Amino acid sequence: MAFIRRGSNFAFGQTAYPEGGEFRVTSGAYAALILLETGTMSTVIDGNKRELHTGECGIFINRTGRRSTYAPGSRVMWCETPILKSALSSRCDFLGDRVRASQRILTLFREGIGCGLHTSPTLDTLRNALGESLFAAWRIEAGQDVIGHMPTPLLAAKAYIDQHYADKPDLETLATVANVTPPYLIDLFRRHQGTTPMRYLRAVRAQAALRLIRHTDMALASIADITGYGSAFHLSREIRQTSGLSPRSIRQRGTHGRTSVTMGDAFRMPDQQQHASRSSVERICPMSSPHIPVIDIAALRHGTSTEREVVAAAIGEACRGAGFFYITGHGVSPEVMEKLFEASKVFFNQPSAVKDMVAMSRVGKNRGYVGLGVERLDTTSLPDNKEAFNICPNNTDDVDVWPAIPGWRELMMAYFATCLDIGSALHRGFARDLGVDENFFSDKFKNPMATLRLLRYPPFPPASLSSTSERTDQAPGAGAHTDYGNVTILAVNGVSGLQVRPRGSDWIDAPLIPGTFICNIGDCLMRWSNDVYVSTPHRVLRPDGERYSIAFFLDPDADALVEPIVTQSGESAHYPPVTGYDYLQERLQATYGHKS
């Protein structure tokens, strides 16, 4: 165990649990940014359960007590800062979703821990600066605003910074926009963001510049002009301090060999206006909502090599950005989908006693019926207000898990085979885009742990979920989460509700586009791509009317080795190898563990 002495405001530390263990805090009000390097962590904080997995980080706020349990082999880095109890909302004990730790966050953690046990005014100042930067960096990576818990003046100042960062607004200007005094605005940022207005501004500018450096061929002087740094020298110095790398090193590392694109193609947003003194380029709004593209994938199965390369590039761009995309050219007719949704309604409209005969709690192995309130995809929220039926034909034994409905099994298995074919085509596109052989994934999906999942979302939460109407009103259709596996193929019956939150963006609706499937990558493929692809949080709101959807979750073979794809010289793997089975079991336990 290593405990690093705290500065006046921030403390850094790193702790290892080779045989597992427990950490308790019973008093004190503080915010802790926790990064789990390896293992798993289950925390009970102020009476509520939270979890982190390898490579994830999140912010915890403690008021009355915290108990964290670590699995054997766990290692954690943390940064803490004391806060006043009067600054805490009664509902604010965990800020935002878990996010993957970026290189920037890792660098800030390591620098803070590197200050060691020594004390001096210089080290104290450095610890505080690193702590403020770390909390601000996490907020940007998470795209986290926690709008329901944030004061209106703070939201106004943040929105102004996100739009006008290149103009370098001063504190007086921000206070005027927020309609508060400068000292009060600083206090708001410290209490709710863990930073100051000017440090937040600095972090937003650096993030915008990093995106341009990584994804465009623009000269550094042009990037400096666009993002408000003034000169390539000042830009380079800031990027080194933020990421630990020079702009040249960042570009040399590249993005798995993909050719850079122009700034306009990569970042132009509908609401951006051309700056009068920068007529050749567009201003960037880093918090704008990315577009979810529609991609025709027919060429992945029937096209020439050149045509397949074009589709693969389009898929890769979507996977690096929104993490979601629509597909056409999938070969499934509207008539087939109509039959599938009708069969789904027939099953869910059966009496509960009939559905319970094939419940997952009876048959196991992620198969069968899942009742209302059994799942909780967002461990910080109430159980999901949905019911489901899981079909996993590769998990076979002597237990019959099929409902007694004529023709039902045959219809579902035919669609399961169709989805396997679509998934294979998508993986050929992933492989091409990631710079490996087109058939790289073929031998890893011979007997995949795939799940076809029928879902029904009632328009109102059932009374059985909670004893109070206030709590049932808050129950989500499906809580905010990222998917576990490689890729998800989703069909919807025409009732909306799906929302997506791309990194650096607020929640956006995923509109219904007839004839398409909605696809998104999961955490396993993000891991496989070495974090080149983005597994994006999404949720289903409580629908206005009864909502049905059919999701196909494609996970690799149980014995497939999930090992990060590394194709660039000097690049290192972000994760250790793991089998597909071990990875899936870890994630399923997090979803269903609250029922134990």
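Values in this document were obtained by computation on a predicted structure and should not be read as measured data.
R202 meets the side chain to side chain donor-acceptor pair (under 3.5 Å) test with E238, Q241; sequence neighbours excluded. Listed by chain and number, the residues in a side chain to side chain donor-acceptor pair (under 3.5 Å) with D555 amount to none (sequence neighbours excluded). Under the side chain to side chain donor-acceptor pair (under 3.5 Å) criterion, D509 pairs with Q499, sequence neighbours left out. For S442, there are no side chain to side chain donor-acceptor pair (under 3.5 Å) partners at least two apart in sequence or on another chain. Legend: residues meeting side-chain contact (heavy atoms from CB on, under 4.5 Å) with V436, ordered by chain and number and at least two apart, are A431, F440, I565, T567.
The main-chain N or O of T43 is never found under 3.5 Å from a side-chain atom of S68 such that the two would form a donor-acceptor pair. Between the side chain of N530 and the backbone N or O of H574 there is at least one donor-acceptor pair closer than 3.5 Å. Without hydrogens or angle criteria, Y229 side chain to I223 main chain gives no donor-acceptor distance under 3.5 Å.
Rounding to the nearest 0.5 Å places CZ of F325 at 5.0 Å from CG of L426. The line from OG1 of T196 to CG of L201 is 9.0 Å long, rounded to the nearest 0.5 Å. For the atom pair C79 SG and L134 CG, the distance stands at 5.0 Å (nearest 0.5 Å). From L52, atom CG reaches atom CD of E37 across 12.5 Å, with rounding to the nearest 0.5 Å. T536 contributes atom OG1, which lies 8.5 Å from atom CE of M526 (distance to the nearest 0.5 angstrom). The structure places CG of L561 at 8.0 Å from OG1 of T579, a figure rounded to the nearest 0.5 Å.
In this structure, the side chains of F23 and T15 stay at 4.5 Å or more apart for every pair of heavy atoms. Residues V566 and S572 fail the side-chain proximity criterion, which asks for heavy atoms closer than 4.5 Å. For the pair L525/F441, a side-chain contact is recorded, criterion being any heavy-atom separation below 4.5 Å from C-beta on. The closest side-chain heavy-atom distance from K158 to V204 is not below 4.5 Å. No side-chain heavy atom of F10 sits under 4.5 Å from any side-chain heavy atom of E80. The shortest side-chain heavy-atom distance between R248 and L220 does not fall under the 4.5 Å cut-off. Contact check for P502 versus I508: side-chain heavy atoms found under the 4.5 Å cut-off. When side chains are defined from C-beta on, I113 does not count as touching E111, because their heavy atoms never get closer than 4.5 Å.
A tilted orientation is assigned to the rings of F189 and Y200, their planes being inclined by 30° to 60°. In this structure, F445 and H427 have tilted ring planes: the angle between them lies in the 30° to 60° band.
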CA sep, side-chain torsions, deciding dist, call: T125, N128, side-chain hydrogen bond (donor to acceptor under 3.5 Å, both in side chains): CA-CA 5 Å; T125 299; N128 290 334; 5.9 Å; no
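The side-chain tip of R127 does not point at the ring of F12 from less than 6.0 angstrom away and within 45° of straight on.
When each of T38, L35, L36 is checked for a side-chain contact (heavy atoms from CB on, under 4.5 Å) with R75, only T38 meets the rule. A side-chain contact (heavy atoms from CB on, under 4.5 Å) with D433 is found for exactly one of R428, E309, R320, namely R320.
Here salt bridge (Lys or Arg N to Asp or Glu O under 4.0 Å) pairs that include residues 527-536, with residues two or more places apart or in two chains, number zero.
Residues F430 and W528 place their aromatic rings such that the two centres sit no closer than 6.0 Å.
In the model, S305 has a side-chain atom that pairs as donor or acceptor with a side-chain atom of R432 under 3.5 Å.
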